[in-house]
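Heads up, the thing below is written out as structure tokens.
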Amino acid sequence: MALALTQFQALCGFITSEELDVVLESVPEINELVGINEIENGEVKVKEDRVLCRSIFTKLMSVDRDAISTSLSRLISRLNREKETRELSSKEELVLKLEKQYPNDVGVLAALLLNHLILNPGEALYIGANDPHAYLTGECVECMAASDNVV
């Protein structure tokens, strides 16, 4: 569990199947990298949305660094062009911000597959075992049970 001490932003857990459908339709750069058609045999709807999202995430994390760099460059260029003609979503704005902080990092693309949370001081979030997460801004106290990776 993470308890926010200041306004706190995090990415935590996979997005819903509805959000995943939107990402797959609106972010061709991810489709190109992970070969979504190979993963789901041409069907975007899958009964186990977490399984599909986890599969896409896992494949994305193993893509060649040069391919990530090329796709990110295309995505950032496209988003910068589009913000001239439409208001970007908060997730798209986050991608632009993350890419400036972490150029050519696969985590920028992975952010599209994770829930973006903003907590006020005193609010908390639960992070399940093996759920991907990243803390973006702010301060928190993280409370964890004894584990082989906790000091």
Validation row: [X], [Y] side chains within 4.5 angstrom (heavy atoms):
X    : Y   : result
L33  : S71 : yes
L75  : I30 : no
E29  : V34 : no
N120 : Q7  : yes
V27  : V22 : no
E32  : R74 : yes

If only atom types and distance count, is the side chain of [X] paired as donor or acceptor with the main-chain N or O of [Y] below 3.5 Å?
X   : Y    : result
N31 : L24  : yes
S69 : R65  : no
N80 : I76  : yes
E19 : T16  : yes
S62 : K59  : yes
S77 : S73  : yes
K91 : L114 : yes

- Query: Can you name the residues that form a side-chain contact (heavy atoms from CB on, under 4.5 Å) with L5, not counting sequence neighbours?
  - Reply: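 L5 satisfies side-chain contact (heavy atoms from CB on, under 4.5 Å) with E139, V141 once adjacent residues are dropped.
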
By side-chain contact (heavy atoms from CB on, under 4.5 Å), E92 pairs with (sequence neighbours left out) L79, R86, L88, S89

When L109, D105, L136, L72 are each screened for side-chain contact (heavy atoms from CB on, under 4.5 Å) with L98, the one that passes is L136

Applying side chain to side chain donor-acceptor pair (under 3.5 Å), run through Q9 and Y135 and close with a yes or a no. CA-CA 6 Å; Q9 291 189 47; Y135 300 154; over 6 Å; no

For E142, look at atom CD and say whether over 12 heavy atoms of other residues, nucleotides or ligands are found less than 6.0 Å away. yes

Establish whether [X] and [Y] are linked, either directly or via other cluster members, by ILVMFWY side-chain heavy-atom contacts under 4.5 Å.
X    : Y    : answer
F14  : V63  : yes
L94  : V106 : yes
Y102 : M61  : yes

**Prompt:** What is the distance from atom SG of C53 to atom CG of L20, rounded to the nearest 0.5 Å?
**Reply:**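 One finds 5.0 Å between SG of C53 and CG of L20.
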
CD1 (I15) and CG (L112) are apart, to the nearest 0.5 Å, by 7.5 Å

So which atom in [X] and which in [Y] form the shortest heavy-atom distance, rounded to 0.1 Å?
X    : Y    : value
F8   : A4   : CB-CB, 3.7 Å
I127 : H133 : CG2-ND1, 3.5 Å
T6   : G138 : OG1-CA, 3.4 Å

(Q) Strictly below 4.0 Å, N to O, side chains only: are E82 and R78 in salt-bridge contact? (A) yes

Do the side chains of E93 and K83 get close enough for a salt bridge, i.e. N-O under 4.0 angstrom?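 No salt bridge links E93 with K83.
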
Next item on the list: Quick one: do L113 and L11 satisfy side chain to side chain contact (heavy atoms under 4.5 Å, CB included)? Show the steps, please.
Entry: CA-CA 9 Å; L113 303 175; L11 295 169; over 6 Å; no

Practice task
Any chance you could lay out the side chain to side chain contact (heavy atoms under 4.5 Å, CB included) test for L117 and E123, step after step, and finish with the verdict?
Solution key: CA-CA 11 Å; L117 305 172; E123 294 179 331; over 6 Å; no

